[in-house]
Number of protein chains: 2
Amino acid sequence: MRIPSDAGECFAPIAAVSAGMPLYRAVKRALLSAIEEARFAPGDALPAEAELAAAFEVSVGTLRKAVDELAAEHIVVRRQGRGTFVARHDATRLMFQFFHVERSDGLRELPAVELLTFQRTRADETAAQALQLRVGDPVVEIENLLRLQGRPVIHDRITLPAALFRGLAERRIRERPGTLYQLYQAGFGITVLRALERARAVAADRVSARVLGIAAGAPVIEVRRTALSFSDRPVEHRISIVDTARHDYVNVLSRPGAVP
Amino acid sequence: MRIPSDAGECFAPIAAVSAGMPLYRAVKRALLSAIEEARFAPGDALPAEAELAAAFEVSVGTLRKAVDELAAEHIVVRRQGRGTFVARHDATRLMFQFFHVERSDGLRELPAVELLTFQRTRADETAAQALQLRVGDPVVEIENLLRLQGRPVIHDRITLPAALFRGLAERRIRERPGTLYQLYQAGFGITVLRALERARAVAADRVSARVLGIAAGAPVIEVRRTALSFSDRPVEHRISIVDTARHDYVNVLSRPGAVP
DNA sequence: CCCAATTTGTTCGTATGTATA
DNA sequence: TTATACATACGAACAAATTGG
């Protein structure tokens with residue numbers, strides 16, 4: 001026996017909200033808002049489908065269609081027999097969704113990260129534009145070196161809006177147990193959902209060349225990434241210098257799932 | 001009044017085929033096979049959902065789930081009130097699914113293509129591996145120059161398995177009305193469904209530098225693309241040299257649709 | 001311009017299968 | 001074993017877009 005649950009307290013019947021929108025989309029928005037407002041934290045289970053359907057006063061099929069889209073966007077994860085959970089960042093997700101450098105022979109490997117510098121400063125024009133800040137707004141700048149097979153391959157310069165990362169200190173980065181995005185999520189309630197990347201070839205500047213142990217002027221890829229959270233809000237700007245002598249920057253196009 | 005249609009002639013009842021597979025997936029496979037075998041050509045309408053469901057002896061809901069996945073993979077396109085159509089390559093699809101260079105200010109533009117060379121030759125090791133051929137197998141090599149805003153930006157060297165492109169002649173490429181992938185599809189029954197791209201930074205070689213009007217040795221991005229058709233069969237190998245002085249190689253991550 | 005037929009899109013409700021604890 | 005949860009499948013009804021008369 002089980003207490004009839006509390007989904008009714010969490011969600012109001014929909015309908016009124018939907019303006020020309022299909023019902024399942026209105027349900028999706030409501031669920032999205034609940035997750036965004038942290039009424040369900042990463043790792044939490046959502047109420048069961050039947051409960052949610054009852055709370056929203058929609059059929060199970062409609063509720064499922066809403067959850068289908070959230071699952072396709074990696075915002076929730078479904079596990080048959082267990083429940084539906086708010087997606088949590090982990091090494092696997094980083095690897096397959098956000099890490100795009102692999103060995104030329106195709107082998108993928110988790111990078112070993114070394115923090116080089118940490119400083120509080122003010123947004124320059126590039127960072128301000130990417131993060132939708134004003135020039136001079138306070139930001140945190142992090143410089144990382146990523147190694148693959150012990151060899152330095154990526155030099156990252158990361159810019160974070162200080163307003164979103166209150167209390168971020170060098171220690172928290174050094175002593176974090178998992179990935180940086182796990183720290184964003186667990187430590188600051190910021191979930192990175194997707195990212196835009198633009199790459200170009202440049203000659204390695206002196207700093208990156210020294211860090212990566214290559215000749216200054218060697219051709220490297222510069223990747224500028226803007227990481228987005230809910231409502232496409234930018235939460236991180238990152239410039240990566242990638243030594244592509246033994247590694248590639250990969251781009252798998254159009255994989256809406258398995259293509260069996 | 002309408003003749004009861006011929007879907008019954010095209011498809012047999014499913015069930016027997018499915019071995020541990022969900023029914024909707026067996027239906028999907030059957031539809032996929034029909035499209036792959038060109039029983040429905042690109043641009044053709046599939047039979048109506050009700051017809052297909054009747055032919056397969058499944059419910060409309062099950063049929064819809066199968067078609068949902070095909071639509072998500074861009075293999076078919078649905079149009080409310082009109083029907084479901086086998087996807088056809090066009091400039092828009094090229095632009096959004098396969099063309100990843102855009103101006104640094106974010107503006108996208110269709111490239112103007114100039115054919116530089118066309119020759120029949122034999123696969124080298126790189127091409128053979130990418131195309132799953134043996135070294136020395138006959139291939140067609142095409143060299144293209146792509147301009148954006150009149151300025152040369154991309155130098156393509158394309159390798160095609162001659163066995164798949166019987167009768168391909170320089171004229172057909174020069175006189176094609178649309179994109180190269182449209183020619184593959186309309187002229188040779190080869191549909192490019194997705195592609196894998198690996199990029200690295202290199203110093204421009206003398207040939208590409210001259211073609212692109214840049215200094216030899218300037219840093220450029222080299223993109224190696226393998227285009228895949230049904231069952232992930234490789235049908236094209238392409239090495240693109242991209243001048244990223246004014247343009248970027250873009251990678252939009254995790255966009256399973258709109259994120260509203 | 002409107003109407004009717006056709007087709008996909010949305011929603012409902014129910015029943016059964018399968019994985020998990 | 002039992003209960004719970006998601007996964008699959010069915011069938012029906014209505015909405016919305018399109019087309020042609």
Side-chain angles (χ1 to χ4, degrees), chain A residues 1-7 13-15 17-31 40 44-72 75-87 257-258, chain B residues 1-7 13-15 17-31 40 44-72 75-87 257-258:
Chain A
M1 183 55 151
R2 191 178 182 289
I3 282 130
S5 127
D6 50 350
I14 223 71
V17 191
S18 62
M21 199 192 312
L23 188 51
Y24 72 89
R25 233 169 240 289
V27 172
K28 178 187 172 188
R29 301 279 277 240
L31 289 170
F40 298 101
D44 284 0
L46 296 185
E49 293 180 341
E51 275 181 47
L52 283 176
F56 286 124
E57 294 182 4
V58 301
S59 74
V60 181
T62 301
L63 187 270
R64 272 189 72 81
K65 189 151 180 172
V67 177
D68 279 347
E69 294 201 351
L70 294 176
I75 292 169
V76 301
V77 177
R78 302 215 258 204
R79 300 194 197 285
Q80 184 174 358
R82 294 187 52 196
T84 303
F85 303 83
V86 179
Chain B
M1 184 55 153
R2 189 175 182 290
I3 282 127
S5 129
D6 50 351
I14 225 70
V17 190
S18 62
M21 199 190 313
L23 187 51
Y24 73 89
R25 230 169 243 288
V27 172
K28 179 188 172 188
R29 300 279 278 240
L31 288 170
F40 298 100
D44 284 1
L46 297 184
E49 293 179 343
E51 275 180 48
L52 284 176
F56 286 123
E57 295 182 4
V58 301
S59 74
V60 181
T62 301
L63 186 275
R64 274 187 70 81
K65 186 147 182 174
V67 177
D68 279 346
E69 293 200 353
L70 294 176
I75 293 171
V76 301
V77 176
R78 305 214 261 203
R79 297 191 199 288
Q80 186 175 359
R82 293 186 56 196
T84 303
F85 303 84
V86 180

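Lettering follows sequence order; numbering is per chain, from 1.
In this structure, CZ of B/R78 is placed 12 Å from C1' of C/dT10, rounded to the nearest angstrom. Rounded to whole Å, the distance from CG on A/L46 to P on D/dT4 is 19 Å. Counting to the nearest Å, the P atom of C/dT11 and the CG atom of B/D68 are 14 Å from each other. Per the geometry, CD belonging to B/E69 stands 13 Å off P belonging to D/dA7, to the nearest Å. We find that CD of A/E49 is positioned 15 Å from P of D/dT4, with the value rounded to whole Å. Separating the CZ atom of A/F85 from the C1' atom of D/dT4 is a distance of 12 Å, rounded to the nearest angstrom.
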Discussion item. Checking A/E69 against A/R29 for the salt bridge (Lys or Arg N to Asp or Glu O under 4.0 Å) test, could you report, in this order, the C-alpha distance in whole Å, the side-chain angles of both residues, the deciding distance, and whether it holds?
Written reply: CA-CA 11 Å; A/E69 294 201 351; A/R29 301 279 277 240; over 6 Å; no

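The distance from atom CG of A/L31 to atom OG1 of A/T84, rounded to the nearest 0.5 Å, is 9.5 Å.
Using a 4.5 Å heavy-atom threshold, the side chains of A/L46 and A/V86 count as touching. Put simply, the side chain of A/V27 reaches to within 4.5 Å of the side chain of A/V58, judged on heavy atoms. Counting heavy atoms from C-beta outward, A/V76 and A/F85 have side chains that stay 4.5 Å or more apart.
Side-chain nitrogen and oxygen atoms of B/K65 include at least one within less than 4.0 Å of the OP1 or OP2 phosphate oxygen of D/dT8.
Nearest heavy atom pair, residue B/P13 against residue B/E57, reads CG-OE2, 3.4 Å.
Listed candidates were C/dT11, D/dT8, D/dA7. Nearest to the side chain of B/Y24 is D/dT8.
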Worksheet item: Which parts of nucleotides 12-21 of chain C does protein reach within less than 4.0 Å, heavy atoms only, written one letter per nucleotide 5' to 3' as B for base, S for sugar-phosphate only and - for none?
Response: B----BBBBS

